[in-house]
There are 2 protein chains.
Amino acid sequence: MNVLTNISLLNNFNKFCLRLFRNLRTAPTETSFTNRSHLCGELRSHNAGENVTLCGWLQFHRLNGAFIVLRDWCGSVQLILPKNIIEEYKSLPLESVLEVKGTVSLRPQGLENKKMATGDIEVNVSELKLLNMCMSSLPFEVQSFNQVKESLRIKHRYLELRLPHLQQVLRLRSKFVMSVRDYLANKNGFVEVETPTLFRRTPGGAREFVVPTHTPGKFYSLPQSPQQFKQLLMVGALDRYFQIARCYRDEGTKPDRQPEFTQIDLEMSFVDQEGVISLIEDMLQEAWPEECGPITLPFPRLNYHEVITSYGVDKPDLRFQWKILHLKPEHFDSVQGIFQKYLTSEGLTLQVLRIPEGAKHLSNKEVEEIKTASSLKVADDSVKVFQCKIKEDGSWSSGLSRHLDDTSRCRINSLSGAEPGDLLIFAGGPKFNPHLILGQIRLNTANLLESKGIKVREDGFQFLWVDNFPLFLPKENGGEGLESAHHPFTAPHSEDLNHLYSKPELVRGQHYDLVLNGNEIGGGSIRIHDSKLQRYILSDILKEDISELEHLLFALDCGAPPHGGIALGLDRLIAIMCKKDSIRDVIAFPKIMGGKDPLSDSPASISQADMDYYHLKLKTQDGHSE
Amino acid sequence: MNVLTNISLLNNFNKFCLRLFRNLRTAPTETSFTNRSHLCGELRSHNAGENVTLCGWLQFHRLNGAFIVLRDWCGSVQLILPKNIIEEYKSLPLESVLEVKGTVSLRPQGLENKKMATGDIEVNVSELKLLNMCMSSLPFEVQSFNQVKESLRIKHRYLELRLPHLQQVLRLRSKFVMSVRDYLANKNGFVEVETPTLFRRTPGGAREFVVPTHTPGKFYSLPQSPQQFKQLLMVGALDRYFQIARCYRDEGTKPDRQPEFTQIDLEMSFVDQEGVISLIEDMLQEAWPEECGPITLPFPRLNYHEVITSYGVDKPDLRFQWKILHLKPEHFDSVQGIFQKYLTSEGLTLQVLRIPEGAKHLSNKEVEEIKTASSLKVADDSVKVFQCKIKEDGSWSSGLSRHLDDTSRCRINSLSGAEPGDLLIFAGGPKFNPHLILGQIRLNTANLLESKGIKVREDGFQFLWVDNFPLFLPKENGGEGLESAHHPFTAPHSEDLNHLYSKPELVRGQHYDLVLNGNEIGGGSIRIHDSKLQRYILSDILKEDISELEHLLFALDCGAPPHGGIALGLDRLIAIMCKKDSIRDVIAFPKIMGGKDPLSDSPASISQADMDYYHLKLKTQDGHSE
């Protein structure tokens, strides 16, 4: 009886598990709702004997047309044409579209093609239908796209899209975003809310595109992010919002920027910085595509001061460990000449960066070029940069050694870890300027070495959180006063509130940036939920015209919960994930320099009727209307 | 041994199933990554004894402040304050934000509140923190929002968002879209691709917003749909594309239209009309929220000619069965007067619509008003409308009966199913004009009857596919020539290709509309994949300037697969699903009439510097520049 009960239980469990499995089975049916039975690229030896219907593009002819290779997004397969139609199709242009019916058979032994996923089989065609003939001379050959100028590739993007590299990227992007949604919506109670893109200008920040309306002189703006809406949703008790949000910035001339781009945008109520950071780490680990390799949690965290002093940049690439070293008077027994000034003068500092094997691999000319390029990038001529190579005996191959004693030189070698063949680069100047230049040199040198085939960076994904940014910075254009380091809605650090009304430049913000392999891929903050504080920062510190933000200030007064969030740049994240240099490689229809779209030739002129409808006239160069 | 094996197997299965369950468990943790332990609305008697941390809004005070009710999106719960803080918080403004710690206890027997989901318990507060104080007099009381003017509600949308009706709609919308994505991406191999919204004008169709750029005289357009991109993706072998796509139309003055709206947009290669229709039916059934009630498959299908002749409209509301009846000469033994003309003259027709119980419930004045309103809506004075009430003995209570014999009258009663108390409405005129007016009368009468509490429509969701539309229609503005009934990329019906070059007005398109409860909620078609055919239709039939579409025509020549798709209007679909009258009720931040956003007061003026940057000047009324 006991046995029987157990067996019966076992059977029940068995059935139950099968049922569970059936529900779990999510084998995508990529050919559902069509006449296709299979995709070209999925056929294998176990399909031998099956009748199949395939659709795809003619990739090439073989053996005078007796064989053809048919390709779809999933792969390609060899077809054997019946003798009576070979003549008809042998000169059909490549990239023509076909539908075939046929039977899968194993290739004769020894004739398998191991380089082809479907190379064990071929399809004996019984019926072939020409669905669409391709022109005989395409703008470029689909297989040799990489020899083609980018603007031409983007003009005919639909051809490049047929290739595996873009197919894979776009499919991976779609899957990753789906996993992010699943994590947020299904597992953590987030609500996806679509917020308007026809909105009102947000003061501060990037230039926003404007959209004229039929009401004379009235324009919408295309928002640079859903920042205001997500805060209003929190005031509206939505509690947890996310959106894969389209954002807009009119900065057409910057390289590798797109006028429209996509953010994973989210906001939570009753959360602190720790909560947002943990959520994002957990989300990325859950959604990270297996095929891209692993990521490890928790991500390291450094504060703004640490990254600037150690790496000379607020988004350090931690795939290599080179660190900037602060040289202090106590490191030297005696100094003269060039060192003296930076070690003893008020407000000046001296920093050194060790380039491992830099002396071995870099010529003097190359080092000078890097110095010049790096100084130009930082646009600072108050900093003096000088270098030495470390010789076999540890001595320095430059006049520098004349300016200090041997003990000090050995101490610097030892502090920086310098070994024979290394390069030491010194930078002296006011405040953090030497760091910023050495930060540039660090990156440029690593790039140059890697372009010579010398491995500097580790493989994989090096995430980093940077926090404790200053809340305000001196105005970038050099004017009087302060501007927000990120945006005016960032809450001050609670420990620094006492400085807000006296020395706002000392206040840190509750802001956190997510850095991946030296790229800023996200930024977020805990927001101000107190209207009086928000009003003070906007009008007294930032001197902004608050009339543009009265609606938000009023909302904060209506019972705004404490809240915070983050936005991740999806395009950049996917580009790094897929090891692409440019975000244009992970966008289906990107624009090129200057915001131009070579595909449709936009932006374009519009009709006089449209101009009239929007009550607009063009202003000519000399300021008069046309 | 056998027993042991089985038991061991059983144990393994047991563990295995537990593991499966753990993986399957997707209980949303809506409080993850915060200090909150529970949501206010989720506490039940089984939580008694637990220590909880809750956050929410002060909904009201009771018993002079000894009790307060705290609310979050999920519901509300009663809190008992410790005596020593009652005084401090008793006059705290409603809608202030609090965090409380406390212990759940069962309410004393007899004091349970059965109307409240959490009415069996209350929370004894040990700690209370005021997170943000609300202003003492809100623009409107959150609980009595429905007495407030819509523009005021939308100006302070964040207050209305706190209420269950909007919370439920936005959460249901998010879940529904997630299910649609799951169905398409995970179960049917669709790839979600984000297509640009800064694009080039598409000829024909609605007015598109323009976006000025820094290049003088050059504008982007905000597309009314991703139509061109989805076709280009098919040319690019993406195979199956979808997107929850933001679309734009500048038609600010139409009621219940939004300048930006959302489409479920999809496209498939190698598919026919049947495939797209089956996919959408299956998708809607899979994703339809259980709480909205069931839908039944397959949806009925009618062709364009049938719906126009039977219901006088191309999107009939089939929740009620009233049908228009075509009266022919053979239905009459003899006719005179008013009937004669429509029955005997070339090109004129006579139609009748029976309004069940119309005579019983509608006054003559009401019928006249409906006739006038319906004729105005169709704007056609070539049609004569007249009516009669059916008396107890079947005779007609109007002078109409003088114009025909009793046998014919009885035959019409019988054909139309008219019974005593019904109303018959006749319309005579050229071609389909009588149908169109009766179609309007049908809807207006049903609405009037329902406003009087007489049930006309069945409950539930009545889907309908309408197909076999004409491919072209006479120009709407009355000009010479034809325009596309839908859009110029719709493929002609294969059976009608012979007419294309001679009588294009006879050609049907491979277009299908999805109708739900009398609203068009989607439209799609099989597209033209042959560039010569597309070129002929654009330039020879539609007389469009094809220079705007050369990129698409070129792409079709590069090996375009046969393809088709559909777009569903998400806002309208959700509104019907949630039984809302307006799409504004299912959009987080809608605009009101004229495209105005009362929340941010946009559209707004922009600065002279922005005007200069875009090389624009305003044109004044008299045509001169300001």
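Just so you know, these numbers use all the heavy atoms, side chains as well, and skip hydrogens, waters and symmetry mates. Residue numbers begin at 1 in each chain, while the letters A, B, ... track the order of the sequences.
Not a single donor-acceptor pair under 3.5 Å links the side chain of A:R200 to the backbone N or O of B:S602. The backbone N or O of B:S607 lies less than 3.5 Å from no partner atom in the side chain of A:R201, so there is not a single donor-acceptor pair. The closest donor-acceptor contact from the side chain of A:N132 to the backbone of B:A560 lies under 3.5 Å. At distances below 3.5 Å, at least one donor-acceptor pair connects side-chain atoms of B:E260 with backbone N or O atoms of A:L198. Between the side chain of B:R162 and the main chain of A:V235, a donor-acceptor pair closer than 3.5 Å is present. Side-chain atoms of A:Q167 come within 3.5 Å of backbone atoms of B:A237 as a donor-acceptor pair (strictly under, hydrogens ignored). With hydrogens and angles ignored, the 3.5 Å screen pairs no side-chain donor or acceptor of A:S174 with any backbone N or O of B:V191.
Heavy-atom pairs under 4.5 Å with chain B were tallied for A:F190, A:W73, A:W57; the largest tally goes to A:W57. Ranked by heavy-atom pairs under 4.5 Å with chain A, the first of B:A604, B:G217, B:G275 is B:A604. Highest contact tally toward chain A, considering only B:M268, B:E95, B:M178, is held by B:M178 [criterion: heavy-atom pairs under 4.5 Å].
Remark: A:K218 does not engage B:D601 in a salt bridge, criterion side-chain N to carboxylate O under 4.0 Å. In summary, B:K619 and A:D612 engage in a salt bridge, as defined by a charged side-chain N under 4.0 Å from a carboxylate O. Note on A:R181 versus B:E192: salt bridge recorded, some NZ/NE/NH1/NH2 to OD/OE distance being below 4.0 Å.
Only the side chain of A:L159 comes within contact range of chain B, with at least one heavy atom under 4.5 Å from a heavy atom of that chain. Residue B:R240 touches chain A through its side chain alone, counting heavy-atom pairs closer than 4.5 Å. Contacts of B:L279 with chain A are made by both backbone and side-chain atoms, with heavy-atom separations under 4.5 Å. Contact of B:R171 with chain A is made through backbone and side chain together, with heavy-atom distances under 4.5 Å. Interface residue A:M234: only backbone heavy atoms are found under 4.5 Å from chain B. Proximity to chain A (any heavy atom under 4.5 Å) is shown, for B:P212, by both the backbone and the side chain. Using a 4.5 Å cut-off between heavy atoms, B:T215 does not touch chain A at all.
Geometrically, A:K591 engages B:Y220 in a cation-pi contact, judged by NZ or CZ lying under 6.0 Å from the ring centre and within 45° of the ring axis.
Environment of CE in B:M133: sparse, with no more than 12 heavy atoms of neighbouring residues, nucleotides or ligands closer than 6.0 Å.
Qualifying side chain to side chain donor-acceptor pair (under 3.5 Å) partners for B:D182, counting only residues two or more places apart in sequence or in other chains: B:N186, B:K187. Shown here are the ring pair (Phe, Tyr, Trp, His ring centres under 6.0 Å) partners of B:F229, two or more places apart in sequence or in another chain: A:F589, B:F199.
Note on ring orientation: taking the six-membered ring where Trp is involved, the planes of A:F554 and B:H156 are tilted (angle from 30° to 60°).
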